[in-house]
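Notes follow the structure.
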Amino acid sequence: MLIRPETPADIDIIYDLTQAAFAPKAFSDGTEGPIINAMRDAGDLTLSLVAEDAGALVGHVAFSPARISEAVGDWYGLGPISVREDRQGQGIGRALIEAGIAVLADRDAAGCVLTGNPNIYQRIGFHSDGSLHHAGTEDRHVHWRVIKGAAPKGQLHFAPVLDDA
């Protein structure tokens with residue numbers, strides 16, 4: 001499997017992959033694909049990586065700028081992340097996340113934040129201790145992973161297209 005930055009030829013495939021991956025999820029409202037396109041259009045898609053296997057895209061992860069009221073340094077929001085349904089549970093999502101965090105570390109980022117299921121993200125090095133808040137989200141679903149510096153605290157704001165979604 002190859003993890004690489006997206007290319008213009010990947011954009012429609014990323015959209016379709018994301019929509020299909022989220023379609024069966026009860027928590028999805030079907031906006032994940034359009035959100036990625038909106039982030040790209042707004043210039044807020046800081047990092048977009050795809051997982052390719054045997055010439056086919058099997059996964060995608062997006063990273064965008066995030067602001068935290070009481071944190072220092074550059075923080076990035078993770079998501080959406082999607083893996084083709086027939087390839088889920090094979091470590092592709094984790095590999096995409098780790099590759100993205102490595103790129104962010106090379107860019108001197110302070111860390112990465114997301115909202116999501118604690119049972120998934122705490123297994124891969126994210127933390128939630130109630131010190132980071134995002135409007136409309138239970139604190140236990142707001143996660144962070146430090147790359148350098150101190151753990152974040154305060155109010156989390158994702159890129160406008162995400163906070164307005």
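When a residue number appears, it is its place in the shown sequence, counting from 1. Everything numeric in this text was worked out from a predicted model, so none of it was measured.
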Indicate, with yes or no, if Leu104 and Trp144 share a hydrophobic cluster defined by side-chain heavy-atom contacts under 4.5 Å among Ile, Leu, Val, Met, Phe, Trp and Tyr.
-> no
Are the side chain of Gln88 and the backbone N or O of Val83 linked by a donor-acceptor pair below 3.5 Å?
-> yes
Scan the side chains in residues 133-142 for donor-acceptor partners under 3.5 Å anywhere in the protein, sequence neighbours excluded, and list what turns up.
unit_1, atom_1, unit_2, atom_2, d
His133, ND1, Asp139, OD1, 3.0
His133, ND1, Asp139, OD2, 3.0
His134, ND1, Thr137, OG1, 3.2
His134, NE2, Asp163, OD1, 2.6
Glu138, OE1, Arg140, NE, 3.3

Out of curiosity, does Met1 fall in the hydrophobic cluster containing Leu17 (side-chain heavy atoms, cut-off under 4.5 Å, transitive links)?
-> no
Quick one: side chains of residues 108-117, donor-acceptor pairs under 3.5 Å with protein atoms, not counting sequence neighbours, listed by atom name and distance.
unit_1, atom_1, unit_2, atom_2, d
Asp108, OD1, Lys148, NZ, 3.0
Asp108, OD2, Lys148, NZ, 3.1
Asn117, OD1, Asn119, N, 2.7

Apart from Tyr15 itself, residues in the same hydrophobic cluster as defined by side-chain heavy atoms under 4.5 Å | none
Side-chain donor-acceptor distances from residues 43-57 under 3.5 Å, at least two apart:
unit_1, atom_1, unit_2, atom_2, d
Ser48, OG, Glu6, OE1, 2.6
Ser48, OG, His60, NE2, 2.7
Glu52, OE1, Arg4, NE, 2.7
Glu52, OE1, Arg4, NH2, 3.0
Asp53, OD2, Arg87, NH1, 2.9
Asp53, OD2, Arg87, NH2, 3.1

Could you note down all residue pairs passing side-chain hydrogen bond (donor to acceptor under 3.5 Å, both in side chains) where residues 120-130 supplies at least one of them, sequence neighbours left out?
-> Asp129-Ser131
Residues, nucleotides or ligands: over 12 heavy atoms within 6.0 Å of Asp16 CG = yes
Rounded to the nearest 0.5 Å, how far apart are CZ of Arg107 and CZ of Phe63?
-> 10.0 Å
Minimum heavy-atom separation for Pro118 to His143, with atom names?
-> CA-CE1, 3.4 Å
Write down the atom of Glu70, the atom of Gly154, and the distance for their closest heavy-atom approach.
-> OE2-CA, 4.0 Å
Side chain to side chain contact (heavy atoms under 4.5 Å, CB included) assessment of Ile120 paired with Arg94 = CA-CA 10 Å; Ile120 295 171; Arg94 181 182 204 137; over 6 Å; no
So do Ile3 and Leu96 actually touch side chain to side chain, heavy atoms under 4.5 Å?
-> yes
Quick one: CG on Asn37 to CD1 on Ile11, what's the gap to the nearest 0.5 Å?
-> 7.0 Å
So among Ile35, Ile36, Asp29, which one has a side chain to side chain contact (heavy atoms under 4.5 Å, CB included) with Glu32?
-> Asp29
Mind listing the closest non-hydrogen atom pair of Pro152 and Leu132 along with its distance?
-> CG-CD2, 4.1 Å
Show every donor-acceptor pair shorter than 3.5 Å between a side-chain atom in residues 72-82 and any protein atom, with sequence neighbours excluded, or say none if there are none.
unit_1, atom_1, unit_2, atom_2, d
Trp75, NE1, Val72, O, 3.2
Ser82, OG, Thr18, OG1, 3.2

Hphob cluster co-occupancy, Val103 + Ile92, side-chain heavy atoms under 4.5 angstrom = yes
Taking the side chain as every heavy atom from C-beta outward, state whether Ile68 and Gln155 have any atom pair closer than 4.5 Å.
-> no
